[in-house]
2 protein chains.
Amino acid sequence: MPVTKTRWKRRKEARPQELTAAALELFVEKGFAATRLDEIAARAGVSKGTLYLYFDSKEELFKAVIREGLLPLLAEGEELMASMPGPASELFRAIVLRWWEIVGEGPIGGIPKLIFAEARNFPEIARFYADEVIERGKRLFVAVFRRGIDSGEFRPFDPQALVHIVISPLIMRVIWKHSLDCCGVTNVPLDDYLREYLELTLRGLRRDPT
Amino acid sequence: MPVTKTRWKRRKEARPQELTAAALELFVEKGFAATRLDEIAARAGVSKGTLYLYFDSKEELFKAVIREGLLPLLAEGEELMASMPGPASELFRAIVLRWWEIVGEGPIGGIPKLIFAEARNFPEIARFYADEVIERGKRLFVAVFRRGIDSGEFRPFDPQALVHIVISPLIMRVIWKHSLDCCGVTNVPLDDYLREYLELTLRGLRRDPT
DNA sequence: TATATATTACTGACCGGTCAGTTATATATA
DNA sequence: TATATATAACTGACCGGTCAGTAATATATA
């Protein structure tokens with residue numbers, strides 16, 4: 001039985017997903033500007049020309065990576081909110097832990113660092129991310145806070161003013177993981193971090209410090 | 001009176017500081033990799049060759065920027081700690097506000113974003129920053145926490161575990177300022193942010209929620 | 001079923017432009 | 001005038017995007 005000697009196959013359906021997967025890995029490893037399209041194509045097992053059959057430009061490729069990796073997670077968070085009628089602190093805890101499972105542990109967690117890193121040089125990407133991801137994520141947390149304030153579980157505060165502050169330690173941890181961690185600069189163990197974070201934050205939010 | 005027609009002056013003493021100042025501005029605007037040495041030299045009013053008379057490489061230039069901009073501030077924080085014997089929460093507040101005056105408002109505030117952004121591509125820079133700045137800053141905050149715990153003002157907790165969490169909102173705010181803010185993606189007003197941050201954090205740290 | 005023809009997914013060399021670092025040369029100053 | 005200081009032309013490597021051509025596959029025809 002002779003080995004089939006084809007140099008390549010036609011796989012129109014599978015290519016885009018394979019390309020965005022390779023692109024995600026490399027963008028996270030090296031950043032947007034520093035990643036070469038040749039390398040993305042090579043990792044996906046095609047040539048650079050092929051990449052341009054499926055995506056108009058480097059920026060469009062990046063947007064596709066975001067859409068594929070983060071929008072489903074946001075939808076999941078919104079569903080979680082709708083399906084958990086209990087105390088706001090439990091909902092908050094659930095969303096945070098689920099978020100960490102996907103963003104904290106998976107490769108998509110490299111995206112926030114990349115956005116902050118490259119926003120100024122690629123403002124169109126920044127706007128896209130702000131509109132599609134950040135705004136929507138903030139709305140979710142604000143809704144959680146409102147529920148807690150309305151029920152008297154949380155002290156009265158301005159949810160808009162606290163969103164950034166409250167989620168900062170999560171974003172910072174995932175940024176750290178994909179930057180200084182990679183250079184051997186260590187951080188506190190994850191379990192301790194999340195436990196202490198939830199403790200500190202909920203103590204700060206609650207009306208009565210149970 | 002004829003216009004002095006000298007094409008350039010010898011200014012051995014002044015050059016280094018002028019070059020690091022120009023470099024800081026441009027590194028913050030564009031990032032480390034994306035900043036061209038030609039442009040730094042031009043902004044400092046010299047040629048690129050001149051730059052190489054004072055700094056061995058782009059990385060050495062960057063280290064000089066860090067040393068000049070951040071090490072004095074760390075020393076100041078340590079002095080503040082020694083000179084304020086009162087409650088830990090007041091000391092914490094004073095250090096945070098002073099930090100924001102310099103890092104939050106000045107151009108040096110662009111450095112943290114830059115470090116996280118480029119750490120993976122320039123690990124030597126990351127190590128330098130981790131050793132010279134991050135470690136020393138953490139030691140300062142840990143000392144403040146210890147004072148509060150020992151005096152009974154703060155609840156008992158592991159200072160090491162909480163440093164990252166507590167300072168995250170400050171770092172995130174300064175990262176945001178130098179990335180998404182520049183693309184028109186706004187944030188809560190600064191005064192509100194700092195007030196709510198101190199309120200939330202001190203509520204989370206204190207033994208009694210006064 | 002076998003072969004000719006048409007279609008299209010894919011390749012890889014190439015181009016214009018960029019930039020860190022080098023070096024040959026010019027000039028200000030002691 | 002000697003030389004430290006500064007310039008600017010130069011090198012070589014790199015990279016996003018293009019496109020003429022090639023090879024795999026679909027379809028028509030006998």
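The figures that follow rest on heavy atoms only: side chains count, while hydrogens, waters and symmetry mates do not. Chain A is the first sequence line, chain B the second, and so forth, proteins listed ahead of strands; every chain is numbered from 1.
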Among [options], the one nearest [X] by side-chain distance:
| X | options | result |
| --- | --- | --- |
| A:V46 | D:dA6, D:dG17, C:dT11 | C:dT11 |
| A:L53 | D:dT5, C:dG21, C:dC10 | C:dC10 |
| A:Y52 | D:dT18, C:dT18, D:dC15 | D:dT18 |
| A:S47 | C:dC10, D:dA24, C:dA20 | C:dC10 |
| A:S57 | C:dA20, D:dG17, D:dA6 | D:dG17 |
| A:R10 | C:dT11, C:dA20, C:dT7 | C:dT7 |
| B:K58 | C:dA9, C:dA20, D:dA6 | C:dA20 |

When you measure from the side-chain N and O atoms of [X] to the phosphate of [N], is any distance below 4.0 Å, counting only OP1 and OP2?
| X | N | answer |
| --- | --- | --- |
| A:Y54 | C:dC10 | yes |
| A:R11 | C:dC10 | no |
| A:T50 | C:dT11 | yes |

Within this structure, what is the [atom1]-to-[atom2] distance between [X] and [N], rounded to whole angstrom?
| X | N | atom1 | atom2 | answer |
| --- | --- | --- | --- | --- |
| B:D38 | D:dT7 | CG | C1' | 12 Å |
| A:K12 | D:dA24 | NZ | P | 18 Å |
| B:E18 | D:dA6 | CD | C1' | 14 Å |
| A:N121 | C:dC19 | CG | C1' | 15 Å |
| B:F55 | D:dA6 | CZ | C1' | 15 Å |
| A:R36 | D:dA13 | CZ | P | 14 Å |
| A:E13 | C:dT8 | CD | P | 14 Å |
| A:E60 | D:dG16 | CD | C1' | 15 Å |

Subject >> Sugar-phosphate, base or nothing in reach of B:L37, heavy atoms under 4.0 Å >> reply: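 Touches sugar-phosphate only.
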
Subject >> Non-hydrogen side-chain atoms of B:V28 and A:R120 separated by less than 4.5 Å >> reply: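 In short, these two side chains touch, coming nearer than 4.5 Å.
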
**OP:** Would you mind reporting whether A:L37 and A:K58 have side-chain heavy atoms less than 4.5 Å apart?
**Re:**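 With C-beta onward as the side chain, the pair touches.
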
Subject >> Nucleotide opposite D:dA30 in a Watson-Crick or G-U pair, distances under 3.5 Å >> reply: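 When the pairing criteria are applied, C:dT1 turns out to be the nucleotide that pairs with D:dA30.
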
Subject >> Base paired to D:dA20 (Watson-Crick or G-U; both N/O distances under 3.5 angstrom) >> reply: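 Partner of D:dA20: C:dT11.
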
Original post:
Taking N and O atoms by type only, does the side chain of A:K48 place a donor or acceptor under 3.5 Å from a partner on the base of D:dG16?
Top reply: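 Yes, the side chain and the base share a sub-3.5 Å donor-acceptor pair.
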
Original post:
Can you check whether A:F128 and A:F62 have ring centres sitting under 6.0 Å from each other?
Top reply: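 No - the distance between ring centres of A:F128 and A:F62 does not fall below the 6.0 Å cut-off.
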
Original post:
Would you find a donor on one side and an acceptor on the other, under 3.5 Å apart, between the side chain of B:E118 and the backbone of B:F32?
Top reply: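 A pair under 3.5 Å: yes.
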
Subject >> Side-chain donor or acceptor of A:T50 paired with backbone N/O of A:V46 under 3.5 Å >> reply: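 Not confirmed, A:T50 side chain does not pair with A:V46 backbone.
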
Original post:
Does CZ belonging to B:R67 count more than 12 external heavy atoms closer than 6.0 Å?
Top reply: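 Yes, because the 6.0 Å sphere around CZ of B:R67 holds more than 12 heavy atoms from other groups.
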
